[in-house]
Amino acid sequence: MPLKIYNSLTRQKEVFEPLNAPYVGMYVCGPTVSGESHLGHARPFITFDVVYRFLLYKGLKVRYVRNITDAGHFEEEGKQAEDKIATKAILEKLEPMELVQKYTHLYHWAMEQFNNMPPSIEPTATGHIVEQIEMIKKIIADGYGYEANGSVYFDVVKYNEDYSKKNQPYGILSGRNLEEQLDTTRELENQEEKKNKVDFALWKKAPVEHIMRWQSPWGEGFPGWHIECSAMATKYLGKQFDIHGGGMDLQFPHHECEIAQSTVCNHQMPARYWMHNNMITINGRKMGKSYNNVIKLSELFEGNHPELTQAYSPMTVRFFILQSQYRGTLDFSNEALQASEKALRRLMEAYEWLKAQSFTAGANATDAALDSQLKTWVNELEIFMDDDINTAKVVANLFEIIPSVNSLKDKHITAEAVSGDTWLFVQKQLELFIEQILGIKVEQGANRQQLNGVVDLLVEIRKDAKTRKDFATSDKIRNQLAAMGIQIKDEKDGGMSYSFL
RNA sequence: GGUCCUGUGGCCGAGUGGCUAGGCAGAGCUCUGCAAAAGCUUCCACAGCGGUUCGAAUCCGCUCGGGACCUCCA
């Protein structure tokens, strides 16, 4: 089955055909490391991690580039500081690289918590100033950029005129019409420098107090906020590559500007497939700085936020995100996260048990209907992934399969009901989809081994007590352990098992 | 104001015109010393009004509601 992905550019699902199979180039817009990542940021990184994993599973050789924006628009943090201390004090105390370092580390830590695979290349904007300047020079030389008072702007109107003839007007990705924008775009500062208010900055002259600054043919300044992605994507993936991803809110203006810049320099549309994940909302509203409703990842993991009734583990959050299709909005609530937490536990307990079983190959099944139903469910996993990475349906099917696994575990059905071949197939594919493709890993704390030993001992004592019909002791052990988050389960044959909640 | 998306049961969330999505919560049953877990069964739905169709949650129109982008934004 071929993989189909929804291309924002054409607004439809298309069969994914790599430009140079088996090689695939994928660029995803990374974070601006001027602050801590929040729940909303987690979505694209988890979504595209799954895309990456699935492409790898398909046997493709993927170069996954995800940038780190560590230059340019750090105004907000600077402004906050400005209110408190004098500009001179900022110069003395606030070293930009300190911020960058701190938040880059936090970001990497969060990515690891989520079990996201590291991208092949993680380039930084500050490491590619030269490439950005070269690109801007090229744009000016071609007549689509102009200098004004030490800054350089992209001439959107001229670009639109020329490229409309080539069927690639400005606004092709976001479905915008330039004339309308000329009428509706708000007035901003420094508009007088621009020829048209829709023009965007390629290079900005640095005001005296601006700390991050580089030499350029137009004086000291810093790059505009779209050019870094164009420069780095071109450098590492070529003039045209396969997939460009990012959040839906980047579609305009960021990706639109990227298209314009790259097209002028490289004479072709930079990416063939544009994928955009939708937003995470909270109380029906997008989670974002400007709405003042963000839940930072560290707060989420610690349960330390007024909106949170408890802490949620990274895998719970990952699973929560994968329970929906990436193109729809996803509404945050404690109820929804708690549902995910419980569902994930049920899934993983059954999965871990299944993984530890040994089955013998063989084709005989006493329950042929169940046998073939299981095979169908398992086979559908890949079909659903092929359909625009529909992780929601993949997860739904996992829950179709789980009851059979638990039935086997609790001896509601015999192993012979389903053929050994099928059990082996279920076992293998569940491992593939749960661990390799969805990237869900078993979460367990440190000292687990030692703790297991202690719990084993208590379980033994409880067994003795039960045999003596000393239910007081038996219940005491079970209840006290339950209070500590360790759940004992009595099994049919007198055995006991336990799990950590 | 412009462009676009969306409205599914108590909550989250899939749904390609005809078939039970799935999860969590609720109810019942089985199992159990009692529980828990697990399994089985089950209640609750497609914003409203029209239209197309043999048949619509799914297509079209209108109304109402929600949201995103147009400024930094994942």
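Here is how names work: the chains are called A, B, and so on, in the same order as the sequence lines, proteins then strands, and each is numbered from 1.
For A:Asp199 and B:U71, the CG to C1' distance is 16 Å, given to the nearest whole Å.
A:His412 has no side-chain polar atom (N or O) that falls below the 4.0 Å cut-off from OP1 or OP2 of B:G39. A:Lys286 has a side-chain polar atom (N or O) that falls below the 4.0 Å cut-off from OP1 or OP2 of B:C69. Between A:Arg66 and B:A74 there is no side-chain N or O to OP1 or OP2 distance below 4.0 Å. The phosphate of B:G23 (OP1 or OP2) has a side-chain N or O of A:Arg346 nearer than 4.0 angstrom. Residue A:Tyr107 places none of its side-chain N or O atoms closer than 4.0 Å to OP1 or OP2 of B:A74. Between A:Asn479 and the phosphate of B:A36, there is no side-chain N or O to OP1/OP2 separation shorter than 4.0 Å. In this structure, A:Arg11 does not reach the B:C5 phosphate: none of its side-chain N or O atoms is under 4.0 Å from OP1 or OP2. Side-chain nitrogen and oxygen atoms of A:Lys342 include at least one within less than 4.0 Å of the OP1 or OP2 phosphate oxygen of B:A25. Residue A:Asn277 has no polar side-chain atom (N or O) positioned under 4.0 Å from OP1 or OP2 of B:A74. The shortest distance between the side-chain N/O atoms of A:Arg462 and the OP1/OP2 oxygens of B:G33 is not below 4.0 Å.
Nucleotides B:G2 and B:C12 have their P atoms positioned 31 Å apart, rounded to a whole Å.
The partner of B:G1, taking Watson-Crick or G-U wobble pairs whose two distances both stay under 3.5 Å, is B:C70.
A distance cut-off of 5.5 Å between ring centres, combined with a plane angle under 30°, leaves A:Phe45 outside any stacking arrangement with the base of B:A74.
If you look at A:Tyr103 and A:Trp109, their ring centroids are not closer than 6.0 Å.
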